[in-house]
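In what follows, residues are counted from 1 in the order of the sequence shown. Every heavy atom of this structure was used, including side-chain atoms; hydrogens, water molecules and symmetry mates were not.
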Amino acid sequence: MTGGDPVSQLQTTFSALADPHRFQMVELLRHQPLSVGEIARQLHLNQPQTSKHLRVLSDAGLIHMEPQANRRICHLRPDGLRDLDTWLAHYRELWEGRLDRLGDYLQTLPPDDPTPDSGGTP
């Protein structure tokens, strides 16, 4: 995801990851590079379906394919995910601040009544 409108690039990334098969492909590639055939086998997809999904991920800048003899090896591109992480960081900061304020507020509340339950109804 280099160049162009950042919002458009993020929309492309979210759109690519929204498909369950493509999301699973990214998860597989997180562990190690795999050939197109290996991805197809692990996800129980045929080769054309797999190639179509990989093309979308490649166009979104999330993976790149390296030709190796008669195979194509797919690698995860951390840069595409780094852009997404940068965008999410703003929301992470927002929620951390809100949760910190909630924690501070909860500390001002009196503790619960420590009276043990007698086992009966009041």
Side-chain angles (χ1 to χ4, degrees):
M1 283 193 343
T2 57
D5 175 30
V7 172
S8 176
Q9 291 171 348
L10 285 169
Q11 288 172 337
T12 300
T13 299
F14 278 122
S15 178
L17 293 173
D19 181 89
H21 289 122
R22 291 193 290 264
F23 187 84
Q24 289 175 317
M25 290 174 182
V26 169
E27 283 297 300
L28 287 174
L29 294 172
R30 182 171 61 92
H31 301 288
Q32 66 184 4
L34 295 169
S35 71
V36 174
E38 290 168 322
I39 293 170
R41 275 190 295 282
Q42 289 192 38
L43 297 181
H44 308 289
L45 298 172
N46 63 40
Q47 190 95 12
Q49 281 178 300
T50 303
S51 293
K52 180 180 175 184
H53 286 301
L54 290 170
R55 168 59 90 177
V56 172
L57 291 172
S58 179
D59 290 347
L62 297 171
I63 67 166
H64 76 276
M65 290 186 257
E66 173 189 354
Q68 240 180 38
N70 62 343
R71 302 177 342 152
R72 289 180 300 148
I73 307 299
C74 302
H75 300 265
L76 193 60
R77 288 190 65 238
D79 290 346
L81 296 172
R82 209 172 288 129
D83 292 342
L84 182 59
D85 185 56
T86 300
W87 180 79
L88 288 171
H90 301 290
Y91 294 94
R92 205 174 295 121
E93 291 170 11
L94 172 77
W95 280 105
E96 286 173 357
R98 288 181 180 185
L99 291 173
D100 287 345
R101 287 193 301 278
L102 175 61
D104 293 343
Y105 170 72
L106 293 174
Q107 291 296 321
T108 67
L109 296 178
D112 286 344
D113 183 6
T115 309
D117 187 3
S118 61
T121 56

Shortest non-hydrogen pair, C74 vs L29, comes out as O-CD2, 3.3 Å
Closest non-hydrogen contact found for D19 with H21 is OD2-N, 2.9 Å
Linking I/L/V/M/F/W/Y whenever any side-chain heavy atoms sit under 4.5 Å apart, do L10 and V56 land together?
no
Is there a side-chain contact between L28 and E38 in this structure, where contact means two heavy atoms from C-beta onward sitting under 4.5 Å apart?
no
Please tell me whether L102 and L109 are part of a single hydrophobic cluster in this structure, the criterion being side-chain heavy atoms less than 4.5 Å apart.
yes
Could you go step by step and tell me if Q42 and L34 meet the side chain to side chain contact (heavy atoms under 4.5 Å, CB included) rule?
CA-CA 10 Å; Q42 289 192 38; L34 295 169; 4.0 Å; yes
Does the side chain to side chain contact (heavy atoms under 4.5 Å, CB included) test come out yes or no for L45 and M25, once each step is laid out?
CA-CA 11 Å; L45 298 172; M25 290 174 182; 3.8 Å; yes
Could you state the interatomic distance from CZ (R41) to CG (N46), rounded to the nearest 0.5 Å?
13.0 Å
More than 12 heavy atoms of other residues, nucleotides or ligands under 6.0 Å from CD of Q107: is that the case?
no
Tell me if a side-chain donor or acceptor on R77 pairs with a main-chain N or O of G61 at a distance below 3.5 Å.
yes
If you define the side chain from C-beta out and look only at heavy atoms, does anything of V26 sit under 4.5 Å from L57?
yes
Donor-acceptor contact present, side-chain R22 to main-chain A16, <3.5 Å:
yes
Quick one: are L94 and R98 in side-chain contact, heavy atoms under 4.5 Å?
yes
What's the separation between atom CD in E96 and atom CZ in R101, rounded to the nearest 0.5 Å?
12.0 Å
Would you find more than 12 non-hydrogen atoms of other residues, nucleotides or ligands less than 6.0 Å from F23 atom CZ?
no
Shortest non-hydrogen contact from I73 toward P33:
CG2-CB, 3.8 Å
Would you call D79 and R82 a salt bridge, using N to O less than 4.0 angstrom?
yes
Ignoring hydrogens, what is the shortest heavy-atom contact between L76 and L62? Give both atom names and the distance.
CD1-O, 3.4 Å
So how far is it from L81 CG to T86 OG1, rounded to the nearest 0.5 Å?
10.5 Å
Ring pair (Phe, Tyr, Trp, His ring centres under 6.0 Å) filter on Y91, not counting sequence neighbours, yields W87
S15 (side chain) donor-acceptor with Q11 (main chain) under 3.5 angstrom:
no
Nearest non-hydrogen partners of R30 and E27, listed with the distance:
NH2-OE1, 3.1 Å
Would you check if the side chain of S58 reaches a backbone N or O of L54 as a donor-acceptor pair within less than 3.5 Å?
no
